[in-house]
Each structure stands twice: as structure tokens, then as C-alpha cells.
**Student:** 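Got a structure here, written out as C-alpha cells. Questions coming.
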Protein chains: 2
Amino acid sequence: MARVEVDVVIKTEILDPQGKAILGALGRAGHSGVTEVRQGKHFELVVDDDISDADLEGIAEHFLANPVIETWTVRRVPESGL
Amino acid sequence: MARVEVDVVIKTEILDPQGKAILGALGRAGHSGVTEVRQGKHFELVVDDDISDADLEGIAEHFLANPVIETWTVRRVPESGL
């Protein structure tokens with residue numbers, strides 16, 4: 001068993017109202033040290049050890065992200081008792 | 001300016017119907033190499049260089065996550081032209 005994390009974020013040219021709302025709330029609360037917030041999705045997968053990078057890429061593209069408006073990164077992480 | 005990523009995931013003892021739905025879809029499509037999927041949120045922040053770890057932890061706890069049902073990790077990432 002291996003652990004994989006996939007982060008899906010909205011493309012930078014597309015507006016992110018959720019991120020903007022959080023940034024506004026941070027400013028009102030005095031956290032002026034934050035200048036940008038973007039919200040995306042985070043997936044944690046448990047997969048067979050022999051799954052290929054191409055398989056993982058296909059899973060991210062077709063099941064986890066919307067390639068029209070989102071980009072993603074796939075990251076294998078060391079097992080640490082998920 | 002520094003970049004920070006925060007991943008927010010539902011606590012393992014709490015059901016994750018979105019993750020289960022994706023796992024089911026993967027199985028029906030023949031991706032039997034995936035045995036678990038959990039969906040969470042991913043935040044990308046741009047912050048001042050001098051922001052403290054304690055500030056970031058407070059921001060994650062109070063603005064990005066719901067501590068009752070979620071856990072989170074804060075990660076400073078090398079700047080690479082966000």
C-alpha cells in the first residue's frame with residue numbers, strides 16, 4: 001500500500017470567490033500579513049504499490065479534477081500509518 | 001512574499017461520502033489499484049516573509065478548518081513564481 005496526495009486548484013486566470021471571501025475575513029480580523037488565498041481540493045488516496053504514475057495522472061485528470069478550469073499535482077508520500 | 005499551503009482533511013473517524021463516491025466510480029471504471037479516497041480542502045496562501053508559525057497555525061484553525069471535524073497541516077513551500 002502506498003499513499004498519494006492530489007491537490008487540485010483553480011487555474012490562476014479564473015476567479016476564486018471562496019479564496020477572496022477568506023482573504024477578506026482575514027483582513028477584517030487584522031491578519032494583514034496574508035495577501036492572497038486560493039482554495040482548492042485535496043485528495044488522499046491509498047493505492048497499490050505497483051500503480052503507475054500514468055495511472056495516477058489519469059485518475060487525477062478524469063476523476064478528481066476538471067481540466068477545463070483546474071490544474072493538479074500528484075505527489076507520492078512516504079507511508080506513515082494513514 | 002512567501003508561499004504557504006494548508007491541507008484540511010476530515011478526521012478519519014468521520015465518514016467522507018465524497019471520497020466514497022469517487023472510490024466507487026474508480027472501481028466501476030476498473031481502477032482497482034485504489035483502495036481508499038478521502039477528499040479535503042487545499043489552500044494556497046501568499047504571506048509576508050515574517051509571518052510566524054503561530055500566526056499561520058491560528059489562521060488555519062480559525063479561518064480554514066473546522067477543528068471539530070477536521071485536521072490540517074501547514075506547509076511553507078519554496079517560492080517558484082505563484
Side-chain angles (χ1 to χ4, degrees), chain A residues 1-12 16 18-19 21-65 70-75 77 80-82, chain B residues 1-12 16 18-19 21-65 70-75 77 80-82:
Chain A
M1 291 293 120
R3 240 183 102 194
V4 172
E5 295 186 352
V6 180
D7 291 326
V8 175
V9 294
I10 300 172
K11 289 180 181 175
T12 47
D16 173 14
Q18 292 176 308
I22 292 167
L23 184 63
L26 285 169
R28 290 191 296 278
H31 288 289
S32 58
V34 182
T35 52
E36 188 176 333
V37 178
R38 291 187 72 85
Q39 176 168 346
K41 288 177 283 183
H42 173 78
F43 297 93
E44 298 192 347
L45 281 64
V46 178
V47 300
D48 290 348
D49 288 327
D50 60 356
I51 200 165
S52 71
D53 287 348
D55 271 353
L56 289 175
E57 197 59 30
I59 287 168
E61 181 177 354
H62 297 112
F63 291 85
L64 307 181
E70 295 170 329
T71 61
W72 59 91
T73 55
V74 177
R75 185 169 68 246
V77 290
S80 60
L82 183 70
Chain B
M1 291 293 118
R3 240 183 102 194
V4 172
E5 294 185 353
V6 180
D7 292 324
V8 176
V9 295
I10 300 173
K11 289 179 181 176
T12 48
D16 172 15
Q18 294 175 307
I22 293 168
L23 185 63
L26 286 169
R28 290 191 296 278
H31 288 289
S32 57
V34 182
T35 52
E36 187 175 333
V37 178
R38 291 186 74 83
Q39 177 169 347
K41 287 177 284 185
H42 174 78
F43 297 92
E44 297 192 347
L45 281 63
V46 177
V47 300
D48 289 346
D49 288 327
D50 60 355
I51 199 166
S52 70
D53 288 347
D55 271 353
L56 290 175
E57 196 60 30
I59 287 168
E61 180 177 355
H62 297 113
F63 292 86
L64 306 181
E70 295 169 329
T71 61
W72 59 90
T73 55
V74 177
R75 188 169 62 245
V77 292
S80 60
L82 183 67

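Every chain is numbered from 1, with letters handed out A, B, ... down the list of sequences.
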**Student:** Going by the side chain to side chain contact (heavy atoms under 4.5 Å, CB included) test, name the single residue among B/V46, B/D48, B/D55, B/I59 that passes it with A/V34.
**Tutor:** B/I59

**Student:** Please rank B/E5, B/Q39, B/H62 by heavy-atom pairs under 4.5 Å with chain A and give me the top one.
**Tutor:** B/Q39

**Student:** Can you tell which of A/L26, A/I22, A/V4 has the highest number of heavy-atom pairs within less than 4.5 Å of chain B?
**Tutor:** A/L26

**Student:** For B/V9, which atoms come within 4.5 Å of any heavy atom of chain A: side chain, backbone, both, or neither?
**Tutor:** side chain

**Student:** Could you have a look at A/S32, A/A25, A/G19 and say which one has the most heavy-atom pairs with chain B under 4.5 angstrom?
**Tutor:** A/A25

**Student:** Return the NE2 to OG1 distance between B/H42 and A/T73, rounded to the nearest 0.5 Å.
**Tutor:** 6.5 Å

**Student:** When the ring planes of A/H31 and B/F63 are compared, do they come out parallel, tilted or perpendicular, using 30° and 60° as the limits?
**Tutor:** perpendicular

**Student:** Checking heavy atoms, do the side chain of A/Q18, its backbone, both or neither come under 4.5 Å from chain B?
**Tutor:** neither

**Student:** Can you tell me which of A/L56, A/D7, A/V37 forms the most heavy-atom pairs within a distance under 4.5 Å of chain B?
**Tutor:** A/D7

**Student:** Heavy-atom distance under 4.5 Å to chain B: side chain of A/L23, backbone, both or neither?
**Tutor:** neither

**Student:** At a heavy-atom separation under 4.5 Å, does A/I51 approach chain B through its side chain, its backbone, both, or neither?
**Tutor:** side chain

